[in-house]
Amino acid sequence: MYLTRIEEKMFSGEYGEVVEKAIRVIVKVGEALGAERLVKISHAHISGVSYFNIGDEGLELLEGFSNRGAMVSIYTTANPYSFAGLGLYKDDELIRKQAKIIESLIRIGVDPNSFTCTPYKLRKPFVEEHLAWAESSAVIYANTIFGARTNREGGLIALMAALIGRTYYAGMHKLENRRASEIIVTLFDVDSILVASLLGLYIGRIVHDIPYIRARYRAENETMHDIMIRNTLASIATTSDLPMAVLEGVTPQSTYVMEKDETISVDMKELENIDIKCGSDVLLLGCPHITLDELEILLKDKQLNLLKKYGISKIIVTVPKYNEKSSEIFKLVQKVRERYSIEIQILPGACAVVSNLKALGFTAIATPHGKALHYLQNLAGAKPCAIHV
Ligand code: F3S
């Protein structure tokens, strides 16, 4: 692989042991994928932040890096942590270990206000900007909506890329690999988060390449429209390994190549059965994360009346870390409690799917989010059921 003079110096250890290790990993992965050079990146996003996922080995690795003075060289954000990061378990050891993971990441230079799966809300990528992001739902959003360029990295590779400010130039970084072929046409209106999610889960199952999607999104406002699209994309990335889709009229045209292939029409009947008689009185919102502003728009009286009818008595909402302080939200929480007898619990910086929900007494959870519907049972130990919101 061709390396610049600075990269050569990194490779030979002139910038220290950590940088040397990081560039050697990136070069190795790049060579395996046929990359001939590295490319500078301006934002890395790290996943693998929950103690339930990375365990003692992951914690030791991150602590080792931070103890040796490792420091990211570009803007770096991190995914949400488990509910242990909010002290929700009785196990002190678990809480301590999750806190150490967060502390190590911050010491390495991760934005302490991030801890979200929607890093594009903190810093919006620009067209053709090179990134190294982990977190499948964020990767597909960056490539599809902004026309940015990132592969679907593993958490560790994203961390290494953050340390050297570069990644290997292959895959989604090259225009020739951003080919949309299968054309998906929906024969119905996408008018709720649940329908948007089910569509995404379905598309992810049937396509083999980057899909070109022609869908009619019908939302009451721009916020709902964006949440629906976020959920379609996150769901595609859940049932496939795709890093990108093309949304007609949304994805910047200069950022993909169109190849005519077959057209697949999708009828509502082909999506999974929608079980709106959900067997849980707890609703999860925020997978991917929603902001508190979005929550306010989401929980209008019409939706709250519907939730009441479904028997929901508690809503847990996962939001980005930077969203933890808001006086407005206290008013919303109070209003919902008084008028609808529904408790709202806001969980900043956290993710339900990477938490042990069973240990917290949750046996079933209602949610409109495709990614949560897919993973909750196996990863969090709570049975998910679909609900219209
Ligand atoms: Fe985000 Fe966790 Fe869902 S990382 S997309 S809230 S599974």
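Scope of the values below: all heavy atoms of this structure, side chains included, with no hydrogens, waters or symmetry mates. Owing to the predicted nature of the structure, the values given are computational and were not obtained by experimental measurement. Counting starts at 1 for both ligands and their atoms, following the listed order.
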Could you tell me the residue and atom name of the protein heavy atom closest to atom 3 (Fe) of ligand 1, and the distance to it rounded to 0.1 Å? C287 SG, 2.3 Å

Please determine whether a side-chain nitrogen of the Lys or Arg among E17 and K21 lies less than 4.0 Å from a carboxylate oxygen of the Asp or Glu. no

Between Y120 and W133, what is the ring plane arrangement, given parallel below 30°, perpendicular above 60°, and tilted in between? parallel

Just say parallel, tilted or perpendicular for the rings of H45 and H43, cut-offs at 30° and 60°. perpendicular

Residue and atom name of the nearest protein heavy atom (relative to atom 1 (Fe) of ligand 1), distance in Å to one decimal: C117 SG, 2.3 Å

Between R68 and E20, is there a side-chain N and carboxylate O pair less than 4.0 Å apart? no

Is it the side chain, the backbone, both or neither of P80 that has a heavy atom closer than 4.0 Å to ligand 1? side chain

Assess the pair Y141 and F146: is the distance between their ring centroids shorter than 6.0 Å? yes

Nearest-option assignment for atom 6 (S) of ligand 1, heavy atoms, candidates A380, S355, G286: G286

A student checking ligand 1 against C351 at a 4.0 Å heavy-atom cut-off should list atoms 2 (Fe), 4 (S), 6 (S), 7 (S)

